[in-house]
Amino acid sequence: MADITHWADVIADEVLAKGKKHLVATGITPSGHIHIGNMREVVTADVAFRALEDKDADVEFIYIADTYDPLRKVYPFLDESYAPHVGKPLSEIPCPCGNHKNYSEHFLEPFLAALEHLGIHPKVYRADELYKEGVYVEAIKQALVKKDEIAAILQKKSGKTPVDTWNPFNPICNDCGKVNTTIVTGFDLDAETVDYECSCGSKGTVSMKGGGKLTWRVDWPARWKALGVTVEPFGKDHASRGGSYDTGISIAKEIFDYEAPHPIVYEWIMLGQKGAMSSSTGVVVSIADMLKVVPPEVLRYLIIRTKPEKHIRFDPALPLLTLVDEFERLHSSDKATDYDKRMIELSHAAGLCHTDIPFKHMTTIYQVAAGDFDKIMNIVKRAGYDTSSEKCIRELVDNVGNWLEMYAPDNAKFSVQEELPVSTAQLNDLQRAFLSSFSAILDKSGELNGEDYHNLVYSAKEAGTELNIMIAESLNVDAAALEVNPKELFKAIYVSVLGQPSGPKAGWFLSSLEKDFLAMRFKEAAEYKP
RNA sequence: GGGCUCGUAGCUCAGUCAGGCAGAGCGUCUGGCUUUUAACCAGACGGCCUAGGGUUCAAAUCCCUACGAGCCCGCCA
């Protein structure tokens, strides 16, 4: 298929058909750890933003943290001391670790840091500040005045009859501090105040500036109007008929006289085989954890390669490596199509450095070197990779080390066995003859580099070499009749050292180990009879 | 009880909007690299496009129905 347009560019075209000036908005409630499911929203918004920029639209990009939402419950990661705070706005609750200004900042700070790494730079707003600054005052007034109209819209669209004390505005109780336990008893448009009664027994008056918030379904369209939002991605939870986007369209138009933003509905990210990512089920991979393991561009690519309305199946184990691989190939491929190039372009996160060492390959180097950076650098140099930027290599090494520790499946790991592996019992006579001869040669030779080792192993099959003659003698056959398959020899090496039939490139691998250790180990293996 | 999205090679997915020969990567297999088994290169294998019906000269693509997967609304309006 020729001329495949990336979804971001399709969206940009659709949006541009409506006008030239745009505001892309995204918002997340920082009620808990912000995970890579949430990341989809932000990356989706950023990609739409970039696509619009590329088409010379007059476009801005904002992120609104819903810091004024109430704490819904005591989440599993919170202790019971949070029970009295349930119902209070997140921005008014103490920080779990004590190092941040409040509860929402605790979760927001690492997330904003992650955004930087991902090359996403929206203008950041906090809902509590917007309310306190009075940005919502006009909307609150209209909502209070048109309360019944709003109720009618909600009833018609979502099919639910509101209770008679319902009000689009929820005052924050002056005494108990909760936002979901109050009812509105009156308001004064000139003084910009609202009267309330709270289930805690308190009665009082609050300001429209920071004294309460609009209920979510009204808050959202009010925000569109107040800030001028024209494009916004949101999860499918808001997207169904009767859902908050659906009611938002009507409320925006009929109450606030505003056209709802262009929707970008996205699906959830499924974690491995475990189902949807969700804080409540504990199926979560935080963005911070992912950034320890892969470059930010790969995370962007994960989101970008899939259309928003499709699930993304994400598995941080081996499939993640495949993803990294795919990205690296695409990045350096000269066969990339325009579509591929566009994806790479959109994946780009500024200020990053690249090495030409494949991630997958580094997992081997890392384990051969047992994580020792100097050894890793030696191996990398010997292999002829670009070592001009040690910093880049170190970043890669850190990622790989974390991946091995956090997500690598056992079959991707190997380790040099302390004791002779029992599987050496399976070695055949040729393999034993090879190992004992190999060991003897190692004993009397000087230091060998990777290539030496490599050549030495292959010399076994060439008539007239020392190793070839020794093997023939050991097997008591004529050297001319000796047939040697190097594959078998390599297998013998891996089994003796790692206890498994395959392993990393033999030359480098052996040269990274102590020669004396190898000589002894191969001798033991050759003689081992259970 | 309603609604939304998805279903294409062993795996992950493009292609569906705008109908025109069934695609890519990974994996597997084979071969090459005068031979670094997790490097690299080339090739091959691999499909009832979930199923059934309809529209059409022509359907993975549009329409209807069923099945499967995931999710949402109804509770916090």
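Each chain gets a letter, A, B and so on, in the order the sequences are listed, and its residues count up from 1. Any value given below was found using the heavy atoms of this structure, including those in side chains, with hydrogens, waters and symmetry copies removed. Being a predicted model, the structure only gives us computed values, none of them experimental.
Of all nucleotides present, only G23(B) satisfies the Watson-Crick or G-U wobble test against C13(B), with each distance under 3.5 Å. In this entry U35(B) has no Watson-Crick or G-U wobble partner, no candidate having both defining distances under 3.5 Å. When Watson-Crick and G-U wobble pairs are counted only if both distances are under 3.5 Å, U55(B) pairs with no nucleotide at all. G47(B) is unpaired under the criterion used here, namely a Watson-Crick or G-U wobble arrangement in which both key atom distances are under 3.5 Å. When both pairing distances are held under 3.5 Å, U5(B) makes a Watson-Crick or G-U pair with A69(B). Remark: A42(B) base-pairs with U30(B); criterion is Watson-Crick or G-U wobble with both hydrogen-bond distances under 3.5 Å.
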Could I get a table of every N or O pair under 3.5 Å where one atom is in the protein and the other is in nucleotides 28-32 of chain B?
none

Protein N or O to nucleotides 2-7 of chain B N or O, pairs below 3.5 Å:
{"residue": "U5(B)", "atom": "O2'", "partner": "E309(A)", "partner atom": "O", "Å": "2.7"}
{"residue": "C6(B)", "atom": "O3'", "partner": "K310(A)", "partner atom": "NZ", "Å": "3.4"}
{"residue": "G7(B)", "atom": "OP1", "partner": "K310(A)", "partner atom": "NZ", "Å": "3.1"}

N/O contacts under 3.5 Å, protein versus nucleotides 33-36 of chain B?
{"residue": "U35(B)", "atom": "O2", "partner": "Y458(A)", "partner atom": "OH", "Å": "2.9"}
{"residue": "U36(B)", "atom": "OP2", "partner": "H454(A)", "partner atom": "NE2", "Å": "3.0"}
{"residue": "U36(B)", "atom": "O5'", "partner": "H454(A)", "partner atom": "NE2", "Å": "3.4"}
{"residue": "U36(B)", "atom": "O4'", "partner": "H454(A)", "partner atom": "ND1", "Å": "2.7"}
{"residue": "U36(B)", "atom": "O2'", "partner": "K505(A)", "partner atom": "NZ", "Å": "3.3"}
{"residue": "U36(B)", "atom": "N3", "partner": "W508(A)", "partner atom": "NE1", "Å": "3.3"}

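Atoms CE and CG, from M362(A) and D398(A) in turn, are 10.0 Å apart once rounded to the nearest 0.5 Å. Here the straight-line distance linking atom CD of E488(A) with atom CZ of F434(A) works out to 11.0 Å at 0.5 Å rounding.
Aromatic pair W220(A)/F234(A): ring centres closer than 6.0 Å.
Side-chain atoms of H262(A) and E14(A) form a donor-acceptor pair, as typed in the model, at a separation below 3.5 Å. Looking at Q500(A) and Y494(A), their side chains never bring a donor and an acceptor atom within 3.5 Å of each other. Judged by distance alone, the side chains of Y103(A) and S31(A) never bring a donor and an acceptor atom under 3.5 Å apart.
Between N399(A) and P295(A) there is a side-chain heavy-atom pair separated by less than 4.5 Å. Considering only heavy atoms from C-beta on, V294(A) stays 4.5 Å or farther from F327(A) through its side chain. Within the 4.5 Å cutoff, the side chain of H6(A) has heavy atoms near those of the Y339(A) side chain.
For the pair K213(A) and D66(A), the salt-bridge criterion is not met [side-chain N within less than 4.0 Å of a carboxylate O]. Note on K307(A) versus E267(A): no salt bridge recorded, every NZ/NE/NH1/NH2 to OD/OE distance being 4.0 Å or above. We find that R342(A) and D54(A) are joined by a salt bridge, their nearest charged nitrogen and carboxylate oxygen being less than 4.0 Å apart.
Taking atom CG on D246(A) and atom P on C72(B), their separation rounds to 17 Å, with Å as the unit. Computed from coordinates, the F314(A) CZ to C13(B) C1' distance equals 16 Å when rounded to whole Å. In this structure, NE2 of H6(A) is placed 13 Å from C1' of C13(B), rounded to the nearest angstrom. Across the protein-nucleic acid pair, K413(A) atom NZ and A38(B) atom C1' stand 16 Å apart, rounded to whole Å. When rounded to the nearest whole Å, the span between CD of Q500(A) and P of U37(B) equals 15 Å. The CH2 atom of W216(A) sits 16 Å away from the P atom of C72(B) (whole-angstrom rounding). Counting to the nearest Å, the C1' atom of A69(B) and the CD1 atom of I269(A) are 18 Å from each other. When rounded to the nearest whole Å, the span between CH2 of W7(A) and P of U16(B) equals 16 Å.
Side-chain atoms of F414(A) lie closest to A38(B) of the nucleotides A14(B), A38(B), G27(B). Considering only side-chain atoms of E326(A), the nucleotide from A77(B), A14(B), G25(B) that sits closest is G25(B). When each of A14(B), C76(B), C26(B) is scored by its nearest atom to the side-chain atoms of T306(A), the top-ranked nucleotide is A14(B). Of the candidate nucleotides A77(B), A38(B), G27(B), A38(B) has the atom nearest to the side chain of T364(A).
Contact check, R72(A) against C76(B): no side-chain N or O comes under 4.0 Å of OP1 or OP2.
Between the side chain of E41(A) and the backbone N or O of G27(A), at least one donor-acceptor pair lies under 3.5 Å.
Distance check on atom C1': A39(B) versus C4(B) gives 47 Å, rounded to whole Å. C67(B) and U28(B) have their P atoms separated by 39 Å, with the value rounded to a whole Å. Rounded to a whole angstrom, the distance from the C1' atom of A22(B) to that of A59(B) is 13 Å. Rounded to whole Å, the separation between the P atoms of C6(B) and C48(B) comes to 23 Å. The gap from the C1' atom of A66(B) to that of A24(B) amounts to 32 Å, rounded to the nearest Å. Of the C1' atoms belonging to U34(B) and C45(B), the separation is 29 Å, rounded to the nearest Å. Comparing the C1' positions of U16(B) and U8(B) gives an interatomic distance of 11 Å, to the nearest angstrom. Across the C1' atoms, C33(B) and A69(B) are found 45 Å apart, a figure rounded to whole Å.
Each of Q155(A) and K360(A) lies near RNA chain B, and the nucleotide nearest K360(A) is the one positioned closer to the 5' end. Mapped onto RNA chain B by nearest heavy atom, E14(A) and K491(A) fall at different nucleotides, with E14(A) at the one closer to the 5' end.
At the heavy-atom level, E488(A) lies nowhere under 4.0 Å from the strands shown. Using a 4.0 Å heavy-atom criterion, one finds that T363(A) contacts no nucleic acid atom at all.
Around NZ of K413(A), the count of heavy atoms belonging to other residues, nucleotides or ligands within 6.0 Å exceeds 12.
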